[in-house]
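Just follow the structure's listing: the first ligand is 1, and inside any ligand the first atom is 1. Atom set for the values below is all heavy atoms of this structure, side chains included, hydrogens, waters and symmetry mates excluded.
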Amino acid sequence: MTILNILEFPDHRLRTVAKPVVEVNDAIRTLADNMLETMYDAPGIGLAATQVNIHKRVVVIDISENQDDPQLFINPEITLCEGPLHEYDEGCLSVPGFYETVTRPEVVSVKALDRDGIAFEIVAEGLLATCIQHEVDHLDGKLFVDYLSALKRTRIRKKLEKLHKENA
Ligand code: QAP
Ligand code: CO
């Protein structure tokens with residue numbers, strides 16, 4: 001397995017809209033396994049293919065305490081957003097070192113394909129619902145910093161640009 005390079009804000013490639021997966025084959029399963037390894041290595045709780053510069057609609061999530069419950073969503077679609085809004089301190093492997101409060105619906109239904117290409121649908125709430133919405137945003141070229149004020153977003157961008165220059 002391979003640990004993939006994670007793009008960081010403000011890399012414009014994070015703004016690419018990912019294309020649907022047309023066939024769930026071994027190449028997609030290998031991508032999903034490499035994304036899981038990359039996420040566990042970070043460590044993180046969610047990763048979208050966009051973040052590793054692969055513009056296909058694939059998301060991996062593991063919100064379990066022991067990081068032993070991987071969830072794969074191929075072509076995820078949020079079919080229902082419900083209920084009270086929920087505030088969560090979100091972070092992102094593509095925005096390392098920054099956490100900010102984002103408000104999103106507390107419950108979502110999500111339809112997707114599994115690693116055998118079989119469709120399934122789940123109702124998610126709490127952290128899982130937040131994480132699914134955050135990762136589906138990535139597939140549409142959207143980042144959690146887009147929900148913040150322009151001032152906060154600019155501050156984060158400048159700090160990361162400085163770090164990237166120092167590390168170059
Ligand atoms: C998305 O984010 C998420 O800044 C997944 O230095 C996060 O796995 C959805 C990470 C929170 C909902 C709530 C972030 C690792 C990991 C960092 C992540 C960092 C190291 C973020
Ligand atoms: Co993210």
Side-chain angles (χ1 to χ4, degrees), residues 1-18 31-78 81-110 112 122-148 152-167:
M1 291 213 278
T2 313
I3 292 174
L4 305 165
N5 182 53
I6 299 176
L7 301 177
E8 292 186 5
F9 178 69
D11 194 308
H12 69 275
R13 292 170 290 182
L14 289 167
R15 299 309 187 177
T16 312
V17 177
L31 169 63
D33 290 341
N34 289 337
M35 285 171 60
L36 278 167
E37 197 184 20
T38 303
M39 179 183 77
Y40 288 135
D41 177 69
I45 59 168
L47 187 70
T50 308
Q51 293 177 272
V52 294
N53 201 28
I54 293 178
H55 302 288
K56 295 186 175 154
R57 301 189 80 85
V58 178
V59 160
V60 295
I61 292 176
D62 189 339
I63 57 159
S64 69
E65 211 160 292
N66 300 322
Q67 297 246 281
D68 59 359
D69 185 20
Q71 290 186 268
L72 169 62
F73 300 87
I74 298 168
N75 298 342
E77 273 178 62
I78 293 171
C81 279
E82 258 181 351
L85 295 174
H86 185 75
E87 282 191 347
Y88 214 97
D89 251 2
E90 294 190 22
C92 180
L93 289 170
S94 295
V95 192
F98 295 89
Y99 290 83
E100 294 287 345
T101 304
V102 178
T103 304
R104 303 180 189 267
E106 157 134 67
V107 181
V108 295
S109 294
V110 59
I122 59 164
V123 179
E125 56 175 63
L127 177 58
L128 183 58
T130 298
C131 204
I132 288 170
Q133 292 174 80
H134 175 117
E135 300 310 333
V136 171
D137 272 355
H138 276 301
L139 302 180
D140 292 325
K142 202 159 181 193
L143 297 168
F144 85 91
V145 296
D146 300 345
Y147 296 98
L148 309 178
K152 273 191 180 166
R153 187 166 50 253
T154 301
R155 279 196 189 133
I156 293 171
R157 176 172 58 74
K158 289 196 168 150
K159 284 183 187 161
L160 282 173
E161 279 171 344
K162 184 163 177 276
L163 285 173
H164 295 158
K165 238 177 227 155
E166 286 166 5
N167 296 334

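- Within ligand 1, the atoms closer than 4.0 Å to a non-hydrogen atom of Glu135 are 1 (C), 5 (C), numbered from 1 in the order shown.
- Below 4.0 Å from some heavy atom of Tyr99 lie the following atoms of ligand 1, by number and element: 4 (O), 10 (C), 14 (C), 17 (C), 19 (C).
- Put simply, no part of Ile61 is less than 4.0 Å from ligand 1, judged by heavy atoms.
- Between Gly97 and ligand 1, a contact under 3.5 Å exists for at least one N or O pair.
- Here the side chains of Tyr40 and Val60 are not in contact, with every heavy-atom distance at 4.5 Å or above.
- The distance from ligand 1 to the heavy atoms of Thr130 drops below 4.0 Å at these ligand atoms: 12 (C).
- Less than 4.0 angstrom separates some heavy atom of Gly91 from each of these atoms of ligand 1: 1 (C), 2 (O), 3 (C), 7 (C), 11 (C).
- With a 4.0 Å cut-off on non-hydrogen atoms, Leu47 does not touch ligand 1 at all.
- Leu148 places none of its side-chain heavy atoms less than 4.5 Å from the side chain of Phe98.
- Computed with the Co ion (ligand 2) at the centre, the His138 NE2 to Cys92 SG angle is 100°, stated to 10 degrees.
- Scanning for side chain to side chain donor-acceptor pair (under 3.5 Å) contacts around Arg155 gives an empty result, with sequence neighbours left out.
- Between Cys92 and ligand 1 there is a heavy-atom distance shorter than 4.0 Å.
- No donor-acceptor pair closer than 3.5 Å links the side chain of Glu8 to the backbone N or O of Pro96.
- Panel note: side chain Glu37, backbone Thr2; a donor-acceptor pair is recorded below 3.5 Å.
- Judged purely by distance below 3.5 Å, without hydrogens or angles, the side chains of Glu87 and Thr101 never pair a donor atom with an acceptor atom.
- None of Leu47, Leu93, Leu7, Asn34 except one satisfies the side-chain contact (heavy atoms from CB on, under 4.5 Å) rule with Val52; the exception is Leu47.
- Ranking protein heavy atoms by distance to atom 16 (C) of ligand 1, first place goes to Leu93 CD2, 3.4 Å.
- The Co ion (ligand 2) lies closest to atom NE2 when only the N/O/S atoms of His134 are considered.
- At a 4.0 Å heavy-atom cut-off, ligand 1 does not touch Met39 at all.
- Per-residue contacts place Gly46 under 4.0 angstrom from the following atoms of ligand 1 (heavy atoms of the residue considered): 5 (C), 8 (O).
- Proximity of Pro43 to ligand 1, defined as any heavy-atom pair under 4.0 Å, is confined to the backbone N, CA, C and O atoms.
- When every heavy atom of Phe9 is checked against every heavy atom of Leu14, the shortest pair comes out as N-CD1, 3.5 Å.
- Taking a cut-off of under 4.0 Å to the non-hydrogen atoms of Val95, the atoms of ligand 1 that pass are 4 (O).
- A salt bridge links Glu166 with Lys162; the closest basic N to acidic carboxylate O contact falls under 4.0 Å.
- Assignment of Phe144 to the shell around ligand 1 is not supported, since no heavy atom sits closer than 4.0 Å.
- With hydrogens left out, the protein atom closest to atom 8 (O) of ligand 1 is Ile45 N, 2.8 Å, a heavy atom.
- When only modelled atom types and interatomic distance are considered, Asn66 and Ser64 share no side-chain donor-acceptor pair under 3.5 Å.
- Taking a cutoff of 4.0 Å between a charged side-chain nitrogen and a carboxylate oxygen, Asp140 and Lys142 do not qualify as a salt bridge.
- Distances below 4.0 Å separate heavy atoms of His134 from the following atoms of ligand 1: 1 (C).
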